[in-house]
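Reviewing the structure listed below.
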Amino acid sequence: MLSVRSLHRNFGGLAAVADVSFDVGEGEFVGIIGPNGAGKTTLLNLITGYQKPNAGKILFRGRDIAGLRPYRVKRLKIARTFQVVQPFNEMTVRENVEVGARFGRAAWLSNSEVEEDCARALELAGLSNVAGMPAGALTLGEKKRLELARSLASRPELLLLDEVMGGLSSREVRDLVQALKRIHASGVTVIMIEHVLHALFQLVARVLVLDFGRKIGDGDPSAIMSQPEV
Ligand SMILES: Nc1ncnc2c1ncn2[C@@H]1O[C@H](COP(=O)(O)OP(=O)(O)OP(=O)(O)O)[C@@H](O)[C@H]1O
Ligand SMILES: [Mg+2]
């Protein structure tokens with residue numbers, strides 16, 4: 001589904017993503033781990049068009065999408081969350097999710113389809129009971145789940161998650177693990193950046209490890225975690 005080849009992104013003299021290559025097959029659930037500043041978010045920004053690579057290829061179902069604008073990437077049914085949540089605070093939770101449902105999608109999408117997609121996304125993210133609240137009034141944990149709901153509302157086929165579990169209570173983490181299992185079981189391919197490893201390892205069969213922009217591991221979580229470098 002996704003083939004990343006020799007991807008590079010520099011910021012001044014710093015190589016944030018350096019010669020990274022990997023493949024993700026349809027239906028996989030892949031984790032990405034690595035210390036702060038390893039290049040995880042930058043990699044996600046490159047895939048989703050928020051930043052342009054200096055070199056390398058990003059093939060999605062055989063087509064090179066490197067450098068496409070975010071709305072064009074979204075049209076290919078690739079959705080993402082943002083590590084630093086930025087909801088429209090004065091709008092309701094439901095309206096925020098509607099933005100996710102409509103962004104980059106066909107203008108002929110009917111209101112009833114949007115309604116259905118929003119209700120489903122709110123339900124999956126466990127936010128149905130706060131749908132009418134202004135987003136600014138949510139807890140951090142709820143705002144993280146709003147990120148997830150906004151990304152799900154467009155019915156993505158490839159979902160890219162950036163630390164959706166940061167700041168959540170252990171109960172919220174448990175609920176989110178179950179929700180992500182349901183999302184994956186419904187046929188969505190998922191790539192998940194996460195520092196909450198005990199949760200990540202309940203979900204993924206494979207993990208990529210980044211360090212200083214380079215890929216230093218790729219494989220089965222237990223085998224990866226026994227590598228001294230990791
Ligand atoms: N827009 C930018 N301008 C300059 N440097 C940047 C920019 N974005 C990221 N960087 C630098 O690139 C490196 C990789 O950052 P990135 O945010 O991708 O790391 P990360 O693995 O997501 O870290 P974290 O776990 O803290 O979220 C860091 O050294 C960061 O300071
Ligand atoms: Mg990050």
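Just so you know, ligand 1 is whichever comes first in the structure, and atom 1 is the first atom listed for that ligand. Basis for what follows: all heavy atoms, side chains included, without hydrogens, waters or symmetry-related copies.
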Tell me which donor-acceptor pairs under 3.5 Å the side chains of residues 206-213 have, and how far apart each pair is, sequence neighbours excluded?
from: Arg206; atom 1: NE; to: Asp218; atom 2: OD1; distance (Å): 2.8
from: Arg206; atom 1: NH1; to: Asp23; atom 2: O; distance (Å): 2.8
from: Arg206; atom 1: NH1; to: Glu28; atom 2: OE1; distance (Å): 3.0
from: Arg206; atom 1: NH1; to: Glu28; atom 2: OE2; distance (Å): 3.1
from: Arg206; atom 1: NH2; to: Asp23; atom 2: O; distance (Å): 2.9
from: Arg206; atom 1: NH2; to: Asp218; atom 2: OD1; distance (Å): 3.3
from: Arg206; atom 1: NH2; to: Asp218; atom 2: OD2; distance (Å): 3.2

Take atom 3 (N) of ligand 1 and look for protein heavy atoms under 4.0 Å from it; say yes if you find one, no if not. yes

Pair Glu113 + Arg105: basic N to acidic O under 4.0 Å: no

Charged N to carboxylate O under 4.0 angstrom, Glu98 versus Arg150? no

Starting from atom 25 (O) of ligand 1, find the nearest protein heavy-atom neighbour and note its residue, name and distance. Lys40 NZ, 2.7 Å

Got a salt bridge between Glu157 and Arg61, using NZ or NE/NH1/NH2 to carboxylate O under 4.0 Å? yes

Would you mind checking if Glu147 and Lys143 are paired as a salt bridge, meaning a charged N to carboxylate O distance below 4.0 Å? no

One finds that the ligand 1 atoms under 4.0 Å from a non-hydrogen atom of Ala16 are 12 (O), 13 (C)

If you scan protein heavy atoms around atom 9 (C) of ligand 1, the nearest is Phe11 CE1, 3.5 Å

Total protein N, O or S atoms, the Mg ion (ligand 2), separation less than 2.8 Å: 2

Are any side-chain N or O atoms of Asn96 and backbone N or O atoms of Phe88, one a donor and one an acceptor, separated by less than 3.5 Å? yes

Using a strict 4.0 Å cut-off to heavy atoms of Ala38, name the atoms of ligand 1 that fall inside it. 19 (O), 20 (P), 21 (O)

Would you check if Glu142 and Leu127 make a side-chain contact, meaning some heavy-atom pair closer than 4.5 Å? yes

Taking Arg155 first and then Asp117, would you say they form a salt bridge - that is, a charged N and a carboxylate O separated by under 4.0 Å? yes

Could you list the residues that satisfy side chain to side chain donor-acceptor pair (under 3.5 Å) with Ser222, not counting sequence neighbours? Asp220

Of all the non-hydrogen atoms in the protein, which one sits nearest to atom 23 (O) of ligand 1, and at what distance? Gly37 N, 2.8 Å

Can you tell me which residue and heavy atom of the protein come closest to atom 16 (P) of ligand 1, and the distance to 0.1 Å? Thr42 OG1, 3.6 Å

Residues 63-70, side-chain donor-acceptor partners within the protein, below 3.5 Å, at least two apart:
from: Asp64; atom 1: OD1; to: Ile58; atom 2: N; distance (Å): 3.1
from: Asp64; atom 1: OD1; to: Ala66; atom 2: N; distance (Å): 3.2

Distance filter under 4.0 Å to Asn36 heavy atoms, resulting ligand 1 atoms: 23 (O), 24 (P), 25 (O), 26 (O)

Per-atom contacts, ligand 1 versus Thr41 - under 4.0 Å to a heavy atom: 17 (O), 18 (O), 20 (P), 22 (O), 27 (O)

State the atoms of ligand 1, each with its element, that fall below the 4.0 Å cut-off from a heavy-atom position in His195. 25 (O)

Under a 4.0 angstrom heavy-atom cut-off, which atoms of ligand 1 come close to Glu163? 25 (O), 27 (O)

Atoms of ligand 1 under 4.0 Å from any heavy atom of Leu14, numbered from 1 in the order shown, are 11 (C), 12 (O), 13 (C), 29 (O)

Taking only non-hydrogen atoms of Gly34, do any sit less than 4.0 angstrom from ligand 1? no

So which protein heavy atom does atom 27 (O) of ligand 1 come closest to, and at what separation? Gln83 NE2, 2.8 Å

Do NZ/NE/NH1/NH2 and the carboxylate oxygens of Glu116 and Arg120 come within less than 4.0 Å? no

Should Arg9 and Gln51 count as side-chain neighbours, where that means a heavy-atom distance under 4.5 Å? yes

For a side-chain contact (heavy atoms from CB on, under 4.5 Å) with Met1, tell me which candidate from Leu59, Val24, Ile78, Leu158 qualifies. Leu158

